Amino acid sequence: MRWSRYYLYTTREVPADAEVVSHRLMVRAGMIRKEAAGIYSYLPFGWRSLRKLSAIVRREMDAAGAVELHMPVVHDADLWRESGRWQAYGRELLRVKDRHERDFCLGPTHEEVVTDIVRRDVRSYRQLPTNLYQIQVKFRDEIRPRFGLMRGREFIMKDAYSFDVDDAGLDAAYEAMDLAYQRIFTACKLEFSRVEADTGAIGGSSSHEFMVLAETGESEVVSCRECGYGANVERAETRPLAAPEPEEPAERREVHTPDCATVAEVAELLGVGPERVVKTLLYETTAGPVAALVRGDREINEIKLANHLEVPEVTLAGEALVRSLSGADVGFAGPVGLPDSVRLIADDSVRGLTNFVCGANKTDAHLTGVNLERDVDLAEFTDLLLVTGGDACPRCGNELGLSRGIEVGHIFKLGAKYSEAMSCNYTDEEGRERPMEMGCYGLGIGRTVAAAIEQNHDDKGIIWPLPLAPFTVLVLPLTNRDESVVGAAEGVYQDLVARGVDVLLDDRDERPGVKFNDADLIGVPVRVVIGSKSLADGNVEISLRRDGEKELVPVEGAVERAAELAAG
RNA sequence: CGGGGCGUAGCUCAGCCUGGUAGAGCGCACGGUUCGGGACCGUGAGGCCGGAGGUUCAAAUCCUCUCGCCCCGACCA
């Protein structure tokens, strides 16, 4: 491709709304253009990268036995009513009406459509298993789109859906996808982590996320160096915490703790460690008010709490509700003497604590010497702990590390949730009708490209990993005025084209400084610089964007060398 | 949806407080000089000051409403 004939316009100005590097660089490098909040055009240079990724994804999906199809963006509301998600999905589902006032929505995901397809075609166990995938635009009317392609409203995603006769089949399908994902991200040369994930609203039994590790990631994950355990903090577990020394039960008494609304303040005033304080958090849930107890030095994992309660979400109670439930200002709630209407659930970290401190349900007062068994009628213990770095690995006990990641892939076992709701059944060997066991496997295409940039850049621009680079070689003649330079560049360019290398020739009539800076910005991995001086000695300069180290190569050998570097 | 901020040239922004001829840098066009890390000089084009209403002799500027965008909190590939 000749730059002068291509459509690639870089910019020096950084867009005002770009917060993270990948967004900034994608805009500056002429890869994307915002059309509306969370909605982007993929400009030619950016689109090439997405296509490179898509090709890798297709290759691995096909190899794993999945079959590509293409489903609509606009979905009939009836399908969504059938699965129950027309109601359940919330405002993220963009609903539209056609000219006949019929309800439709823009597909945020395709379980309904794919299930509808399969139930019409597949009748017998003989036709299973099957796994269908597509690479398609999806739309989720995100509350707050941000970070460019990382969290758009319209985005491109690969999603696969597996259909099996039973759990064992589903397990096999899941494992095949799991492996395919690992192969995909490895092939992209991305540093990623595969972690256990919460299944969330989609439901199902098992779920893993694939995280590209990056500072700007929106997810937190813990991982164990020793045994390879990794989990999203939403889901992560740990071993029982080391409990403070037990003491002989002391007398319970109320102490005056003015303005001590946080554990740290109370602990300091009373001269005890925060691990001897119990924190009581009041939540508002669709299942009624709940008080969640956790040791004072730790935090509640609200996802675990919601899962335990089997509700979609929990919300921390507001001031007014706290006052009406506990009879005190925020910060003084405690398990002793709460109204019966409040369901009391304690994290395991509270179990066995002796003589602890907690709120007295009275403003400016706490209780000391509290002992659960004696003072509280409490039966419900469970794991509500928000695991963090430094906690013990639940498998091997070693210390867990904490890092941030960009969720680029998420695989789920759905089970029969959709197949039952939508009668996606097959007939088994005995002639019985059964719902299919489903799995779904998502991979964010645009997000993965953004993540690749997030992970591979410097202060001058993008440093493409070879497999995702829009072009692998940039031929850069330093001037258009020196016939020999132009001729040599043309020669190298055409030979590389003939070899099938993705090569970009910067034939623009620009000053060298402009070309160099653009070259750094767009990050093409291999650079062939052709200038009058070195060419006078019969040489060209070849360098890698990654390290910038220049290597003088005779013109005749340039194509060979560049092609070799471009091949990895 | 709550809290905060911003809409002025293609882009990044000043001007608004204190009303009176709409500005800068970059980019773009033309001429010239330059040419191995975002050159320089000269000339020029380019604006419904987000939209609607109001106050005023006069509104980018003050007031009201509206639309859009961005940032901080609850979602997810």
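Side-chain atoms are counted along with the backbone in the values below, which use heavy atoms only and exclude waters and symmetry mates. Keep in mind that what you see is a predicted model, and the values were worked out from it rather than measured. Reminder, nothing fancy here: chain letters follow the sequence lines and each chain counts from 1.
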inquiry  = Of the options C76(B), G36(B), C72(B), whose atoms approach the side-chain atoms of Arg146(A) most closely?
reply    = C72(B)
note = With the side chain defined as heavy atoms from C-beta on, Met157(A) is closest, among C69(B), A77(B), C71(B), to A77(B)
message = Give me the distance, rounded to whole Å, that separates G2(B) from G38(B) when you measure between the P atoms they each carry.
response = 50 Å
Assigned partner base of G37(B), Watson-Crick or wobble definition, under 3.5 Å = none
ask   = Side-chain donor-acceptor pair under 3.5 Å between Asn232(A) and Ser219(A), yes or no?
value = no
ask   = Reckon Val408(A) touches a base, only the sugar-phosphate, or nothing at all at heavy-atom distances under 4.0 Å?
value = sugar-phosphate
task = Using the C1' atom as the reference point in each nucleotide, state the distance between G47(B) and A24(B) in Å, no decimals.
result = 15 Å
ask   = Should the pair Glu541(A)-Arg527(A) be classified as a salt bridge under the 4.0 Å nitrogen-to-oxygen rule?
value = no
Between C1' of A39(B) and CZ of Arg12(A), the distance in whole Å = 11 Å
remark   = Nearest heavy-atom contact between Ser403(A) and Leu213(A) is OG-CD2, 4.1 Å
key: Salt bridge present between Arg2(A) and Asp506(A) (N-O < 4.0 angstrom)   = no
ask   = Counting only non-hydrogen atoms, which of residues 30-49 of chain A are less than 4.0 Å from RNA chain B?
value = Lys34(A), Ala37(A)
ask   = Does A59(B) have a Watson-Crick or wobble partner in any strand here, with both distances under 3.5 angstrom, and which is it?
value = none
request  = Would you mind telling me which of C75(B), G38(B), C35(B) lies closest to the side-chain atoms of Pro512(A)?
outcome  = C35(B)
message = If the threshold is 4.0 Å, N to carboxylate O, is there a salt bridge linking Glu142(A) and Arg153(A)?
response = no
inquiry  = Using 30° and 60° as the class boundaries, would you call the ring planes of Phe192(A) and Phe185(A) parallel, tilted or perpendicular?
reply    = tilted
query = Between G10(B) and C28(B), how far is it from one P atom to the other, in whole Å?
reply = 15 Å
ask   = If you check every side-chain atom of Arg140(A), which of C76(B), C75(B), G36(B) has the closest atom?
value = C76(B)
inquiry  = Need the pair for C11(B). Rule: Watson-Crick or G-U wobble, both distances under 3.5 Å, any strand; none if unpaired.
reply    = G25(B)
request  = Applying side-chain hydrogen bond (donor to acceptor under 3.5 Å, both in side chains), run through His208(A) and Tyr181(A) and close with a yes or a no.
outcome  = CA-CA 11 Å; His208(A) 284 87; Tyr181(A) 274 42; over 6 Å; no
ask   = Between Glu92(A) and Gly531(A), who's closer to the 5' end of RNA chain B by nearest nucleotide?
value = Gly531(A)
key: Distance between C1' atoms of A60(B) and A22(B) (Å, rounded)   = 8 Å
Rounded C1' spacing from C13(B) to U8(B) in Å = 9 Å
task = Go through A77(B), C76(B), G37(B) for me and flag the one nearest to the His410(A) side chain.
result = A77(B)
query = If pairing requires Watson-Crick or G-U wobble contacts with both distances under 3.5 Å, which nucleotide is the partner of G19(B)?
reply = none
inquiry  = Pair Ser207(A), Ile411(A) - check side-chain contact (heavy atoms from CB on, under 4.5 Å), show working.
reply    = CA-CA 5 Å; Ser207(A) 173; Ile411(A) 58 178; over 6 Å; no
ask   = G36(B), C76(B), C72(B): which one has an atom nearest the side-chain heavy atoms of Arg144(A)?
value = C72(B)
query = Arg48(A) side chain to Pro470(A) main-chain N or O, any donor-acceptor pair under 3.5 Å?
reply = yes
Minimum heavy-atom distance Met26(A)-Val449(A), with the two atoms named = CE-CG1, 3.9 Å
query = Trp80(A) ring centre to Arg95(A) NZ or CZ under 6.0 Å, with the angle to the axis within 45°?
reply = no
query = Considering every strand shown, what is the Watson-Crick or G-U wobble mate of C69(B) when both distances are under 3.5 Å?
reply = G5(B)
request  = With heavy atoms under 4.0 Å as the rule, sort Arg24(A) into base, sugar-phosphate or nothing.
outcome  = nothing
request  = Under 4.0 Å from any atom of RNA chain B, heavy atoms only: list the residues of residues 471-482 of chain A that qualify, in numerical order.
outcome  = Leu478(A), Arg481(A)
ask   = Is the shortest side-chain N to carboxylate O distance from Arg58(A) to Glu68(A) below 4.0 Å?
value = yes
ask   = What's the closest nucleotide to the Asp520(A) side chain, out of G37(B), A77(B), C11(B)?
value = G37(B)
key: Given RNA chain B, 5'-ward residue of the pair Arg28(A) and Gly444(A), judged by closest heavy atom   = Arg28(A)
task = Pick the P atom in G50(B) and in C11(B), then give their distance to the nearest Å.
result = 13 Å
request  = Could you please name the partner base of C49(B), counting Watson-Crick and G-U wobble pairs only when both distances are under 3.5 Å?
outcome  = none
query = Expressed as a whole number of Å, how far does the C1' atom of C63(B) sit from that of C69(B)?
reply = 23 Å
inquiry  = Could you tell me how far A39(B) sits from C71(B) if I compare only their C1' atoms? Round to whole Å.
reply    = 38 Å
message = Checking base pairs now: Watson-Crick or wobble, both atom distances under 3.5 Å. What partners G42(B)?
response = C30(B)
query = Choosing from A77(B), A74(B), U12(B), which nucleotide comes nearest the side chain of Ile143(A)?
reply = A74(B)
